[in-house]
Amino acid sequence: MGFGMVVLGYMGLLYVGAIIVPGVGIAGHLMALVPSGILDWAHAPAYGILAVLLTLWLKRRAWPLAHALPVAAPGALVFGLWTEVLQGSIQGRHATVEDLVVDGVGIGVATILMLSETVRNKITATCPWF
C-alpha cells in the first residue's frame, strides 16, 4: 500500500502542474520564468518517471515485467491524455497534441531502458564472461 501512495502522490503532482497558470500565483510566476521549450520537454522525463513508477508498482504486486510494461506504458499515456484534457479546461492553459507526443517519447524511452536492463541481466546471467 505504501508504494501505491507514492505513485498516486506523483500523479497528483502532475495534475497540479497541469493546472498552474503561468503568471498567476507564486507557482505561475515561477513557471513564467522558465523558457517554454524547457517546459514542453519537461513532459518527457515526467511521464517517463510515471511509467517507471507504475511498472515498479505492478512488479511489487507480483506482475512479471512482460505483463507490467504493456499495462504501465499505455496507462501512463492515458494519464497524460487526461492531464491534457484537464489542462485544456483551465482558463489560461491549453491542451496540445505536441505535449502528448512528448509524454509518449518519455514513456517510450523509459520502457526501452527498463527492457534493456532486463535483457542485460538475462545475458549476464547466462553468459558470465559478459
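Only heavy atoms go into these numbers, but all of them, side chains included; no hydrogens, no water, no symmetry mates.
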Distance-minimising heavy-atom pair for [X] and [Y]:
X	Y	answer
A18	Q87	O-CG, 3.4 Å
A32	G23	CB-N, 4.0 Å
P45	A42	CD-O, 3.3 Å
G92	P22	O-CD, 4.3 Å
A46	L14	CB-CD2, 3.8 Å
L39	H43	O-CD2, 3.5 Å

(message) With side-chain contact (heavy atoms from CB on, under 4.5 Å) as the criterion, how do I20 and R93 come out once you've worked through the C-alpha distance, each side chain's angles and the decisive distance to 0.1 Å?
(response) CA-CA 8 Å; I20 296 171; R93 296 297 302 260; 4.2 Å; yes

Between atom [atom1] of [X] and atom [atom2] of [Y], what is the distance when rounded to the nearest 0.5 Å?
X	Y	atom1	atom2	result
L65	T111	CG	OG1	9.5 Å
L8	M11	CG	CE	6.5 Å
M114	T55	CE	OG1	3.5 Å
W63	L54	CH2	CG	10.5 Å
F3	L56	CZ	CG	5.0 Å
E98	W41	CD	CH2	11.0 Å

Same hydrophobic cluster for [X] and [Y], using side-chain heavy-atom links shorter than 4.5 Å among ILVMFWY?
X	Y	answer
F79	V97	no
L81	L13	no
V52	M5	yes
I107	Y10	yes
L53	W57	yes

(message) Could you walk me through whether V102 and D40 satisfy the side-chain contact (heavy atoms from CB on, under 4.5 Å) test, starting with their C-alpha distance in whole Å, then the side-chain angles of each, then the deciding distance to 0.1 Å, before giving a yes or no?
(response) CA-CA 8 Å; V102 175; D40 292 341; 5.7 Å; no

(message) Using modelled atom types and a 3.5 Å cut-off, is there a donor and acceptor pairing between side-chain atoms of E84 and backbone atoms of L100?
(response)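 Checked: no pair found.
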
(message) Using a 3.5 Å distance criterion without hydrogens, assess whether the side chain of H94 forms a donor-acceptor pair with backbone atoms of G88.
(response) no

(message) Is it the case that atom CD1 in I26 sees more than 12 heavy atoms from other parts of the structure closer than 6.0 Å?
(response) no

(message) I need the single residue from D103, T83, D99 that forms a side chain to side chain donor-acceptor pair (under 3.5 Å) with Y47. Which is it?
(response)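 Single side chain to side chain donor-acceptor pair (under 3.5 Å) partner of Y47 among D103, T83, D99: T83.
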
